[in-house]
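Order of the sequence lines fixes the chain letters, A, B, ..., with proteins taken first and strands second; residue numbering starts at 1 for each chain.
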Amino acid sequence: MPPETRPSGMVLSLMALAAVVCVVAFMTWGSRGNWSFVLPFRGTKLLALVLVAYAIAVSTVLFQTITNNRILTPAIMGFDWLYMLLQTLLVFGLGAATTSAIDPRWMFLIEVGTMTGFSLILYRFLFSGGVRDLHLLILIGVVFGTLFRSLSGFLQRLIDPNDFVVLQDRLFASFNTIDASLLLVSAVLVGLASLGALKIFHTLDVMALGRETAISLGVDHRRITMIVLILVTVLVSVSAALVGPVTFFGLLVANLAYILMPSAKHRYVLPAAVLLAIICLVGGQTVLERLFGFDTALSIIIEFAGGLFFILYLLKGASR
Amino acid sequence: MIEIRNITKSYDSTVVVDAVTLTLRRGGITSIIGPNGAGKSTLLSIIARLIPTDKGTVMVDGLDVARTAGEVLARRLSILRQDNHMTTRLTVRDLVAFGRYPYNKGRPTAQDQEHINKALAYLGLEDLGGRFLDELSGGQRQRAFVAMVLCQDTDYMLFDEPLNNLDIRHAVAMMKLLRDAARDFGKTVVVVLHDVNFASCYSDQIIVMRDGKLFLQGPPSEIIRPDTLQQTYGCPFEVHDLGGDRIAVYYA
Ligand SMILES: Nc1ncnc2c1ncn2[C@@H]1O[C@H](COP(=O)(O)OP(=O)(O)OP(=O)(O)O)[C@@H](O)[C@H]1O
Ligand SMILES: [Mg+2]
């Protein structure tokens, strides 16, 4: 066994322990013994938070692996906003009445499908080696993100006010008002994406070495990039549908995982990122809700910390 | 045997590799020399399927590199690139272990560990196995990447400027290592060199590239001559016979 194994395993166990503590605290703290109400209520919310944490952490790490950088994330590249734009387009095109008539779960699947198609075209062009300069990529990403956001904003102004209310209801989800109707289908999608990731798991460490090295070690770089982009898109759609766009959270947990894990191997980094995301979301929500009685602050705090991290990271990168 | 037929590559309208046709027989060391920008790295990358060619084919033991499954080729052909950069933080041992990936798909066996230890030992890296790549000197890092290629243990090995950053002792050791690989283990070694005297002393065959074209091909005795070198690099050369080797002098 390589010497790195033990410390990495230990760090991982500690993180798992902390995550379990957060989960238990979330479920039990201040429940006043009213279990029949508290368990399903908090359980649903917990499941959603865990799903979101998982989806964001895994999608960010995978995305950074295939793009070979640690600054860009699907969220910074505008994936979430692309999802929002699609939603807006649907309501705009079909009207809220039609959109609402469709079973939300089917609707969700259709959206995820369209989203996957769109982003594959867009991001394959960007990451198939055409654009090499990282700063240019960041710029393109930010421009795309803004474009998607402005387009949705523009369309929302044109929409019939009644439709807009329906749309707003969907778009402005947060960690507090999670769309529970989509939980089951989200869980299934996340499960399927994880199965897909498992199948190509052994190539991930090699993909992280960069395109050329991966190819010379026999990895079908194009194919794996495609597969990973599909998985990432599905995961991003799930988290965007459940809680809306979260720009910097993925960046934060992925980079914390790289820093805290002695080994860069995916079998350590991926679970670490997921556990850290759970600790942040579930732990943060518990503390804010129960201790301070705040309801909406979590996303602001997380985005603030993540944004700070992003700026520090950019500055550090620039000074090298 | 590597058969290179009519390989042509352009960027925008600049042709950087121009209709190169070339056969590299099994075994021995082939050096590629030529001025900066001659297209040596591009040709090597095309052979190793790292960049697609515009025209022409490369066959390795009868397998078209553009069509053959990557994992099949990875067990026959390996390459050290001119620039190696990693975003992930790896130890030397981790890096070298990736050389076994084509065989074990990320699950190292005891036999793989043996290969890794041998590759580390060949390049004098036993004591540095646990160091992170970003904690090494340029020459140490270069040796780690070469160790990874050795660990891949393929019949054909391409090295793009393996002597980069190496001191004289390690440069000589590296060339001896490549010669032993060719002689004792029957490997086919293709190596891009800038030091014409290393090419002269260690190659079975030298290929000269100029302006993207195959300029000359032959044994050192035919290539290492004042007139050919002068035509290649555009500066004056003297060539002396020293102990049976042809040594070029170009410092004056
Ligand atoms: N990605 C690229 N885009 C545009 N031009 C390129 C690209 N890669 C290489 N070139 C050009 O192709 C030519 C050949 O480059 P190549 O790297 O093959 O040269 P080389 O013989 O290896 O030189 P050196 O001895 O400096 O390593 C150069 O003129 C270079 O500028
Ligand atoms: Mg070169």
Side-chain angles (χ1 to χ4, degrees), chain A residues 1-5 7-8 61 63-72 128-130 132 134 198-225 254-255 257-270 313 317 320, chain B residues 41 44-45 47-52 65-66 68-108 112-113 116 129-130 132-134 145 148-149 151-152 154 156-158 160:
Chain A
M1 276 283 116
E4 93 218 359
T5 310
S8 291
V61 171
F63 187 80
Q64 297 198 328
T65 293
I66 58 160
T67 56
N68 265 296
N69 77 81
R70 289 174 169 189
I71 297 182
L72 290 182
S128 57
R132 280 282 159 82
L134 182 62
L198 216 55
K199 280 200 82 162
I200 56 156
F201 196 77
H202 63 94
T203 64
L204 291 177
D205 287 330
V206 182
M207 290 293 284
L209 300 179
R211 176 182 172 275
E212 281 80 10
T213 310
I215 293 177
S216 53
L217 290 176
V219 169
D220 188 342
H221 188 268
R222 273 176 87 86
R223 193 177 132 254
I224 303 294
T225 304
N255 279 287
Y258 302 140
I259 292 169
L260 290 177
M261 288 322 266
S263 163
K265 296 257 162 67
H266 281 82
R267 64 170 179 279
Y268 296 118
V269 169
L270 269 178
Y313 208 95
R320 254 185 313 205
Chain B
S41 298
L44 225 56
S45 294
I47 297 174
R49 73 193 177 295
L50 301 185
I51 42 184
V65 298
T68 308
E71 47 184 334
V72 174
L73 282 174
R75 282 180 241 129
R76 300 207 177 201
L77 177 99
S78 52
I79 182 170
L80 170 82
R81 286 177 308 128
Q82 187 172 353
D83 298 305
N84 292 288
H85 172 77
M86 302 269 141
T87 19
T88 44
R89 210 166 128 79
L90 291 175
T91 63
V92 172
R93 203 185 167 82
D94 282 341
L95 178 78
V96 176
F98 276 114
R100 300 310 296 168
Y101 178 82
Y103 306 92
N104 65 26
K105 297 286 178 261
R107 292 183 191 183
D112 290 323
Q113 298 298 346
I116 297 165
F132 284 101
L133 287 177
D134 53 7
F145 280 102
M148 173 182 166
V149 174
C151 206
Q152 208 175 329
T154 54
Y156 297 90
M157 300 179 152
L158 316 178
D160 198 346

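- The CG atom of B:Leu50 sits 11.0 Å away from the NE2 atom of A:His221 when rounded to the nearest 0.5 Å.
- Take B:Asp160 and apply the salt bridge (charged side-chain N to carboxylate O under 4.0 Å, His left out) test, not counting sequence neighbours, and it matches no residue.
- Note that CD of A:Glu212 and CD1 of B:Ile51 are 8.5 Å apart. Values are rounded to the nearest 0.5 Å.
- Remark: B:Asp134 pairs with B:Arg89 by the salt bridge (charged side-chain N to carboxylate O under 4.0 Å, His left out) rule, at least two apart or across chains.
- In terms of heavy-atom proximity, B:Thr87 sits nearest to A:Ala208 at OG1-O, 3.8 Å.
- The most heavy-atom pairs under 4.5 Å with chain A, out of B:Gly99, B:Gly106, B:Pro102, B:Gly130, come from B:Pro102.
- If you measure heavy-atom distances from A:Val269 to chain B, you find no contacts under 4.5 Å at all.
- Looking at A:Asp220, neither its backbone nor its side chain comes within 4.5 Å of chain B, counting heavy atoms on both sides.
- Taking every heavy atom of both residues into account, B:Tyr101 and A:Leu217 meet most closely at CD2-O, 3.6 Å.
- The contact between A:Thr203 and chain B is made by backbone and side chain atoms together, counting heavy-atom distances below 4.5 Å.
- The heavy-atom pair separating B:Ala74 from A:Ser216 by the smallest distance is CB-O, 3.6 Å.
- Contact record, B:Arg49 with A:Ile215: NH2-O, 2.8 Å, taken as the closest heavy-atom pair.
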Practice item. Take B:Arg81 and A:Thr213 through the test side-chain contact (heavy atoms from CB on, under 4.5 Å) and record every step on the way to the result. Key: CA-CA 9 Å; B:Arg81 286 177 308 128; A:Thr213 310; 3.5 Å; yes
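- Contact annotation for B:Leu90: only side-chain heavy atoms (C-beta onward) come within less than 4.5 Å of a heavy atom of chain A.
- In this structure, chain A has heavy atoms under 4.5 Å from both the backbone and the side chain of B:Thr88.
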Review point. Under the side-chain contact (heavy atoms from CB on, under 4.5 Å) criterion, do A:Lys265 and B:Asp94 qualify, and how do the steps go?
Key: CA-CA 10 Å; A:Lys265 296 257 162 67; B:Asp94 282 341; 3.5 Å; yes
